[in-house]
Amino acid sequence: MLIEDLVAALGAQRVDVSEQTRWAYAKDLTEAEPRMPDVVVKVDSVEQVQTVLRLSRQYKVPITPIVGGFNMSALAIPECGGIVLDLGRMNRILEVNEEDLYMVIEPGVTWEQVSRELAEHHPSLRFGYSTAPPNTSVLANGLLDGQTNLSLRYGSTGQWVNGVEVVLADGEIVRTGSGAFGVSWCAGPPMPNLTGLFINAHGITGIVTKMSIQLFSARRYRQRYLLPAFDESILCDFLAKTAHEDLCDDLAGFSWPLPKMALGASPGTTPDPGEPTFYCIIDFSSNDRAELSMKDRRIHRLLKGYDRAFAGLMDVESTVDTFPQLKKLLELPARVDFLLDYPGGGMSFIGAYGPTSKWSRAITAGMNTLASHNYTPIVLLRPMWGGHYNLIHHLVLFNRDSEEERRRVRTVNEKICEGLLDLGFVPYKTPAWVLRRFASRLDPGFRKLQHQIKITLDPDGLLNPGKWLT
Ligand SMILES: Cc1cc2nc3c(=O)[nH]c(=O)nc-3n(C[C@H](O)[C@H](O)[C@H](O)COP(=O)(O)OP(=O)(O)OC[C@H]3O[C@@H](n4cnc5c(N)ncnc54)[C@H](O)[C@@H]3O)c2cc1C
């Protein structure tokens with residue numbers, strides 16, 4: 001029997017069949033229906049991952065990898081039951097290479113761990129921070145192609161991945177990127193990009209046990225501004241133009257409800273007359289004071305062209321010094337933990353990457369859809385990778401215990417998603433329902449190739465079934 005064999009191979013302390021534990025892994029923050037796994041296995045090593053995969057294959061039992069389970073797209077819910085493989089205990093930072101600007105991490109390494117490690121031992125380096133809960137996985141974020149405060153400069157986190165070590169469905173180990181030659185994990189090129197088979201794949205092609213991910217050189221001086229804006233289309237124009245100037249590390253926008261909620265307003269909050277509709281963070285840095293001043297002057301000059309579409313620039317550090325009660329607001333968009341306190345605990349989003357030319361239309365359409373379904377329009381924006389593409393998040397908070405609420409969230413998400421796809425945006429952390437609902441829009445050649453890759457890597461269809469189009 002599977003459970004007996006798991007216990008014999010891994011020890012009873014790593015195998016949990018209690019109802020309470022299984023229920024905890026059956027659901028997440030989203031509106032998705034819970035699915036009970038048969039067993040939760042917590043592993044400490046690559047060898048143990050291999051053992052679990054071999055047993056899953058022997059008994060033809062599905063296997064779903066997870067670390068924090070905070071992906072917000074139901075991607076770690078065990079759709080077909082079976083084994084949930086919790087990789088959180090594999091949490092070593094195996095290498096930080098200051099000269100070659102990368103680190104090698106295990107799946108359980110968290111955002112908090114990386115920021116502490118760099119602050120304490122490698123101050124010459126920096127890594128992005130996300131708004132994700134601090135105890136979630138950096139490696140999983142790389143696999144999800146996530147975004148951080150350095151994504152304007154360096155792109156989505158999937159673009160930072162040099163290579164991975166993966167355990168395939170048959171228990172064999174594969175390394176990709178320059179790490180395949182066994183000496184240095186410094187780069188993806190010039191190897192064929194087999195790493196891409198595992199990014200945005202949601203665990204359906206293999207279990208990643210190590211990742212080499214890029215680090216970046218820290219800057220001595222930093223300037224951050226908060227800029228209130230009164231018109232989202234003008235804001236998008238400013239963000240896109242400024243992104244193309246290559247001045248900033250980060251440009252991000254968030255809609256009016258977020259700062260109000262950060263300061264304690266209830267989620268049903270309404271805008272006050274004359275209140276800005278969006279707030280923008282402008283974040284830039286340099287090793288040279290003169291260069292920082294030059295960037296500062298350029299940003300002021302760019303803003304001059306916009307007349308009264310913005311209120312004045314607020315310097316983040318001095319504003320916090322003068323008004324400490326605003327600290328929470330001015331940490332935006334780095335900290336949004338207050339969103340998790342919503343009664344009923346439900347949080348769902350459609351996050352998408354897409355074209356600059358359609359950005360403002362996509363935002364307005366999504367905000368209108370949220371408002372017409374009586375949801376407070378919580379929206380985040382960020383130009384990515386020098387403005388080559390852009391991020392939009394439309395977020396809803398809801399009572400997860402109410403079936404009616406969950407249905408309403410499904411409806412609003414579907415409408416937002418349809419509007420975004422029409423404009424050329426593609427939902428990231430792509431929920432399985434999006435792929436099923438809009439499968440007819442996918443290029444048939446893409447679908448065929450993806451299917452062939454899947455059956456080559458996972459012929460029994462056991463790896464996170466129900467995700468993508470599996
Ligand atoms: C309030 C809030 C704010 C957030 N802000 C951001 C943000 O700013 N930027 C951002 O990008 N994300 C954000 N997120 C999403 C998410 O929290 C992060 O992407 C996080 O880093 C994912 O880690 P996790 O441990 O939750 O992953 P999980 O949900 O555990 O896993 C994610 C996916 O990867 C698969 N998986 C996990 N481990 C492996 C493995 N070793 N091999 C193969 N597949 C694996 C899982 O099956 C699942 O499909 C936010 C979430 C919340 C709740």
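When a residue number appears, it is its place in the shown sequence, counting from 1. Counting starts at 1 for both ligands and their atoms, following the listed order. Computed from a prediction, not measured in an experiment: that's the story for all the values here. These values consider heavy atoms only, across backbone and side chains, with no hydrogens, waters or symmetry-generated copies.
Residue Ala132 touches ligand 1 through backbone and side chain together, judged by heavy-atom distances below 4.0 Å. Only the side chain of Trp111 comes within 4.0 Å of ligand 1, judged by heavy-atom distances.
In this structure, Phe254 and Tyr279 have parallel ring planes: the angle between them is below the 30° cut-off, well short of the 60° mark.
Residue contact annotation: Gly206 has a non-hydrogen atom under 4.0 Å from ligand 1. Using a 4.0 Å heavy-atom cutoff, Val166 is absent from the residues neighbouring ligand 1. Distances from ligand 1 to the non-hydrogen atoms of Leu87 include at least one value under 4.0 Å.
The shortest N or O to N or O distance between Pro65 and ligand 1 is below 3.5 Å.
Separating the CG atom in Asp5 from the OH atom in Tyr59 is a distance of 3.5 Å, to the nearest 0.5 Å.
In this structure, of Met72, Lys429, Lys467, the residue bringing a heavy atom nearest to atom 12 (N) of ligand 1 is Lys429.
Between Trp359 and Phe425, the gap from one ring centroid to the other reaches at least 6.0 Å.
Within the listing of ligand 1, atoms 42 (N) sit less than 4.0 angstrom from a heavy atom of Ile207. Listed by number with element, the atoms of ligand 1 under 4.0 Å from a non-hydrogen atom of Gly69 are 24 (P), 25 (O), 26 (O), 28 (P), 29 (O), 30 (O).
Across every non-hydrogen atom of Val84 and Pro78, the tightest pair is CG2-CG, 3.7 Å.
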